[in-house]
Amino acid sequence: MNDLVLSTSELRRDYHMGGDVVHAVRGVSLDIARGEYVAIVGPSGCGKSTMLNLLGGIDRPTSGAVTIDGARVDRMSDRESTRFRLHHLGFVFQRFYLMPALTALENVELPMAEAKVPRGERVARARELLAYVGLGARVEHRPAQLSGGEQQRVAIARALANRPRVLFADEPTGELDAHTGTEMIALLEQVNRDGTTIVVVTHDDVLAQAARRVVHMRDGVVVDDRMATR
Amino acid sequence: MLFHLAWATLLRHRGRTVLTVLGVAVSAAMLLDMVMLSSGMRASFRNMLVASGFELRIAPKGTLPFDTDATIPNATSIAHRLQADSDVTTVSPVLGGQLHVTVGQRTINATALGGIGRVQGDYDITDGRVPSAPDEVVASAEFLRASGLAIGDTIRAAAGYDPELRTTTGSRALRIVGRAHFVYLPAEQRAIALPLETLQRMQGARSTDRVSLFMVKTRAGANADTVLHRLQRTLPNVSMISTASAMQQVDQRLSYFRQLALILGAVSLAVGFLLVTTLVTVSVNERLGEIVIMRAIGVARERIVLQIVLEGIAIMLAGAIVGLGLGLLTARYLNSILASFPGLPAAIDFFLFEPHDAWTALGLLTAVGILAGVYPSWRGASLPIALTLREEAVG
């Protein structure tokens with residue numbers, strides 16, 4: 001693969017729990033090309049969420065390297081990795097985690113405001129993104145006034161606000177019903193088709209099947225890595 | 001955006017926020033009152049002393065002005081020697097005493113101040129004019145109210161009264177030519193001011209060429225304490241006090257007031273601090289997930305700190321603004337109670353509002369608001385993102 005956007009080398013993450021050491025990720029090496037849609041799957045406790053946190057720079061590996069667009073994320077200071085996440089990465093989580101006090105529009109504006117995007121520009125882009133995820137008519141609604149699927153759409157719009165190189169999603173359909181989950185899968189496919197690299201961690205077979213590449217993990221290691229057959 | 005987020009977060013739990021703001025308001029009101037109390041008496045006493053422009057006060061040896069009934073002998077000679085000093089511009093002798101005024105079948109007692117009308121600094125005319133003839137007097141509003149007399153009436157007044165023999169001494173007719181506000185006397189005091197020589201004659205031999213007090217003005221630019229030391233060398237048989245040294249004595253006597261104010265002010269600040277810290281900490285604990293998500297999407301640690309500190313400051317400022325009004329109302333009420341202490345000059349305020357006090361209270365509250373946000377903001381900003389997300393997912 002010539003156009004790598006993300007690669008890991010011998011990535012390890014150990015946790016100290018009481019007197020024991022838990023090896024959550026054990027020497028994972030992975031290359032992801034620009035524009036790929038990768039699903040990381042596996043049983044509970046296999047280390048896939050830990051893997052996602054390491055790839056996204058919100059956790060620090062015990063050893064090994066994480067490189068995104070040529071930048072060594074594992075070597076960054078807290079301040080550097082925070083700025084890197086702001087400008088280059090997007091995150092979607094199972095529980096949406098929107099700011100309940102803000103409207104949908106303000107939630108999408110939040111990362112752009114942090115990135116010092118001028119107000120007029122960020123409001124326009126936030127409206128554009130909310131229209132893109134199908135919520136153009138609900139920009140002034142607060143999270144409590146939105147359904148679970150709508151909240152997750154706002155979270156995706158927020159993740160796309162600063163035009164990320166990679167969008168990380170941790171169980172994005174985990175709290176949605178089957179119908180809404182299917183809509184979410186379609187939206188993620190649309191986002192990927194429009195050029196954003198996606199790495200998703202999921203239990204959801206339907207979501208995993210939508211990805212073009214599926215990485216199976218078990219006991220902290222990659223046991224299978226193959227392109228999906230459709 | 002962070003200001004907006006901080007404000008919107010506070011409004012999420014309106015009832016809780018309003019109750020905390022009210023708690024802070026009570027604390028802020030108490031703080032303002034304590035700041036006003038710590039400086040009010042001193043400032044109003046100083047204002048009273050400097051209002052008439054007399055910098056030096058000369059009393060009988062070993063006493064403070066009007067501290068006893070003692071008087072200064074050879075008043076004319078002393079007045080001349082005072083006026084001989086090149087830095088002295090005005091000398092105002094004052095003799096104190098009592099007058100017994102017969103009104104119909106009643107006798108009304110009044111404090112009497114004998115002085116020289118054109119240079120006196122004991123009263124301000126509120127109606128009528130300053131006495132100019134030997135039989136002219138001005139009276140306090142309380143005296144006129146109690147006696148039912150008015151400007152233009154003539155009274156019969158005596159400087160001495162023997163209750164056993166029911167006889168008066170030093171009696172003469174006096175005409176009321178004005179109503180006056182007596183600067184150094186309580187508002188409820190019945191008082192009469194009359195020419196010095198008239199009162200001396202009425203008091204008889206015991207007051208011949210005697211005064212209770214001299215008040216002295218010095219030339220503009222002259223150092224009052226330097227003049228005082230020079231005069232003390234030439235007049236060793238009297239006690240002299242300058243406004244500055246009077247203020248020092250006041251400071252000593254009021255020190256317990258300031259200590260009380262300091263302690264109660266510190267307590268009110270501590271209460272405000274604990275209220276805000278508790279509220280903001282509870283608020284942070286309720287939204288750990290939101291906070292770590294902000295960190296995950298790239299919001300800087302210091303911006304998280306700023307947002308949480310802003311919440312603390314917003315509560316403190318809102319409480320301070322409500323507390324300012326509450327404090328002023330409380331101070332006015334307490335002042336009206338304390339001002340009724342017998343013998344207290346009307347010009348003395350226990351709680352004197354000065355803009356500086358409000359700024360001091362506001363500054364202290366803002367500083368405490370910042371401090372109150374330190375612990376919860378530190379807690380919020382130092383959360384490990386991955387671990388907190390995992391705990392939130394499990395919880």
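A note on names: the letters A, B, ... follow the listed sequences, proteins ahead of strands, and every chain is numbered from 1.
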query = What part of L102(A) gets closer than 4.5 Å to chain B, counting heavy atoms only: side chain, backbone, both or neither?
reply = side chain
message = Only pairs of heavy atoms separated by less than 4.5 Å count here; which of D59(A), D78(A), N53(A) has the most with chain B?
response = D78(A)
inquiry  = Taking every non-hydrogen pair under 4.5 Å, which of R83(A), R60(A), M99(A) racks up the most with chain B?
reply    = M99(A)
key: Atom NE2 of H356(B) with >12 non-hydrogen neighbours under 6.0 angstrom   = no
ask   = Roughly how far apart are F91(A) CZ and I293(B) CD1, rounded to 0.5 Å?
value = 9.0 Å
remark   = Rounded to the nearest 0.5 Å, the CZ atom of F93(A) sits from the CG atom of L389(B) at a distance of 5.0 Å
message = Once rounded to the nearest 0.5 Å, what's the spacing between atom CG of D170(A) and atom CZ of R390(B)?
response = 11.5 Å
CZ (R72(A)) with more than 12 external heavy atoms under 6.0 Å = yes
task = Answer yes or no: does atom CZ of R34(A) have more than 12 heavy-atom neighbours from other residues, nucleotides or ligands under 6.0 Å?
result = yes
query = At what distance, to the nearest 0.5 angstrom, does CZ of R119(A) lie from CE of M1(B)?
reply = 7.5 Å
ask   = Counting distance only, does the side-chain N/O of R85(A) pair as donor-acceptor with the main-chain N or O of R295(B) below 3.5 Å?
value = yes
query = What is the minimum heavy-atom distance between G298(B) and E114(A), and which atoms define it?
reply = O-CG, 3.6 Å
Euclidean distance, F96(A) CZ relative to E290(B) CD, rounded to 0.5 Å = 14.0 Å
key: Residue pair L5(B), E106(A): steps toward the side chain to side chain contact (heavy atoms under 4.5 Å, CB included) verdict   = CA-CA 9 Å; L5(B) 184 54; E106(A) 290 166 341; over 6 Å; no
message = If I measure from the heavy atoms of chain B, does E171(A) come under 4.5 Å with its side chain, its backbone, both, or neither?
response = neither
query = Is the closest side-chain donor-acceptor distance between R287(B) and Y97(A) under 3.5 Å?
reply = no
query = Side chain, backbone, both or neither: which part of I297(B) has a heavy atom under 4.5 Å from chain A?
reply = both
query = Does CZ in R46(B) sit with more than 12 non-hydrogen atoms of other residues, nucleotides or ligands closer than 6.0 Å?
reply = no
key: Part of L110(A) lying under 4.5 Å from any heavy atom of chain B   = both
request  = Kindly check if the number of other-residue, nucleotide or ligand heavy atoms within 6.0 Å of CZ (R79(A)) is above 12?
outcome  = no
ask   = If you round to the nearest 0.5 Å, how far is CG of L86(A) from CZ of R303(B)?
value = 10.5 Å
